[in-house]
Enquirer: 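To start, I am sharing the structure in question, which I have written as structure tokens.
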Amino acid sequence: LPVKMEWDKLWAFNKKVIDPLAPRFTALSGTERVRVCVCGFPDDKEPYQVSIAKHPKTPSLGQKQQWCTPEVLVEAGDARDFVEGSNVTFMNWGNMRVKKVHNSADGAISQIDVQLNVD
């Protein structure tokens with residue numbers, strides 16, 4: 001028999017039962033990605049890895065490695081929400097101030113420049 005459940009009940013179940021046990025990873029879907037340049041990343045510093053929790057509230061799930069580099073990728077759909085002068089939060093990095101959104105000749109976002117904003 002098919003089970004009928006409202007979406008809010010499904011999300012509540014997920015948050016209560018599954019979320020505390022599920023490690024968190026980052027991935028990009030699709031092929032439309034936009035390069036984000038992190039201004040102020042030291043020129044003489046090579047990309048490096050930091051160890052962070054797989055789940056911020058469940059340390060027993062262990063650690064994962066995250067790369068810190070002067071360039072990262074975001075999905076094009078997310079990039080369309082970046083507004084010059086506003087802040088965006090990069091998980092496990094912090095807030096970044098959007099300095100410049102670059103568009104190609106066809107109007108698509110080709111690159112975004114951000115700077116770490118600790119304020």
Enquirer: Establish, from distance only, whether the side-chain atoms of Asn87 and Asn95 form a donor-acceptor pair under 3.5 Å.
Expert: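 On atom types as modelled, these side chains do not qualify, holding no pair under 3.5 Å.
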
Enquirer: Check for me, please, whether Val50 and Leu73 land in the same ILVMFWY cluster - side-chain distances under 4.5 Å, paths through other members count.
Expert: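 Shared cluster, no.
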
Enquirer: Ignoring hydrogens and geometry, is there a side-chain-to-backbone donor-acceptor pair from Gln63 to Lys54 under 3.5 Å?
Expert: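 Flag not set: sc Gln63 to bb Lys54 has no pair under 3.5 Å.
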
Enquirer: Enter the distance from Glu6:CD to Trp11:CH2 here, rounded to the nearest 0.5 Å.
Expert: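 The CD atom of Glu6 sits 14.5 Å away from the CH2 atom of Trp11.
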
Enquirer: Could you walk me through whether Glu75 and Ser29 pass side-chain contact (heavy atoms from CB on, under 4.5 Å), step by step?
Expert: CA-CA 7 Å; Glu75 293 183 18; Ser29 65; 3.1 Å; yes

Enquirer: Nearest heavy-atom pair of Cys37 and Gln111: which atoms, and what distance?
Expert: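 Shortest heavy-atom contact: SG-NE2, 3.4 Å.
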
Enquirer: Which pair of heavy atoms, one from Ser104 and one from Ser110, lies closest together, and at what distance?
Expert: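 Minimum heavy-atom contact is N-OG, 3.9 Å.
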
Enquirer: Determine whether Val72 and Trp67 satisfy the following criterion, side-chain contact (heavy atoms from CB on, under 4.5 Å), listing intermediate values before the conclusion.
Expert: CA-CA 9 Å; Val72 296; Trp67 281 98; over 6 Å; no

Enquirer: Charged N to carboxylate O under 4.0 angstrom, Asp19 versus Arg24?
Expert: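 So Asp19 pairs with Arg24 through a salt bridge.
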
Enquirer: Please report the closest heavy-atom contact between Val101 and Phe82, naming both atoms and the distance.
Expert: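 That would be CG2-O, 3.9 Å.
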
Enquirer: Please check this pair: side chain of Thr58 against backbone of His55, looking for a donor-acceptor N/O pair closer than 3.5 Å.
Expert: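 Between the backbone of His55 and the side chain of Thr58 there is no qualifying donor-acceptor contact (under 3.5 Å).
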
Enquirer: Look at atom CH2 of Trp93 and say whether more than 12 heavy atoms of other residues, nucleotides or ligands are closer to it than 6.0 Å.
Expert: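 Above 12, so yes.
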
Enquirer: Can you name the closest pair of heavy atoms from Leu61 and Leu21 and give their distance?
Expert: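 That closest heavy-atom pairing would be CD2-O, 3.7 Å.
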
Enquirer: Taking side chain as C-beta onward, heavy atoms only, is Ile52 less than 4.5 Å from Lys64?
Expert: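 Yes, close enough: below the 4.5 Å cut-off.
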
Enquirer: Any chance you could lay out the side-chain contact (heavy atoms from CB on, under 4.5 Å) test for Ile112 and Val34, step after step, and finish with the verdict?
Expert: CA-CA 7 Å; Ile112 298 173; Val34 174; 4.2 Å; yes

Enquirer: Honestly, is Lys16 close enough over Phe13, meaning NZ or CZ under 6.0 Å from the six-membered ring centre and within 45° of the axis?
Expert: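 Pair Lys16/Phe13 does not count as cation-pi.
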
Enquirer: What's the shortest heavy-atom distance between Ile109 and Ala79, and which atoms?
Expert: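 Closest heavy-atom pair between Ile109 and Ala79: CD1-O, 3.5 Å.
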
Enquirer: If you define the side chain from C-beta out and look only at heavy atoms, does anything of Asp113 sit under 4.5 Å from His102?
Expert: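 Sidechains of His102 and Asp113: in contact.
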
Enquirer: Looking at every heavy atom in both Glu71 and Arg35, which two are closest together, and how far apart are they?
Expert: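 Heavy atoms of Glu71 and Arg35 come nearest at OE2-NH1, 3.0 Å.
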
Enquirer: For the CD atom on Gln65, are there more than 12 heavy atoms of other groups (residues, nucleotides or ligands in this structure) within a distance under 6.0 Å?
Expert: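 Yes, the 6.0 Å shell around CD holds more than 12 heavy atoms from other groups.
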
Enquirer: Could you walk me through whether Ser86 and Arg97 satisfy the side-chain contact (heavy atoms from CB on, under 4.5 Å) test, starting with their C-alpha distance in whole Å, then the side-chain angles of each, then the deciding distance to 0.1 Å, before giving a yes or no?
Expert: CA-CA 6 Å; Ser86 68; Arg97 168 111 24 221; 5.7 Å; no

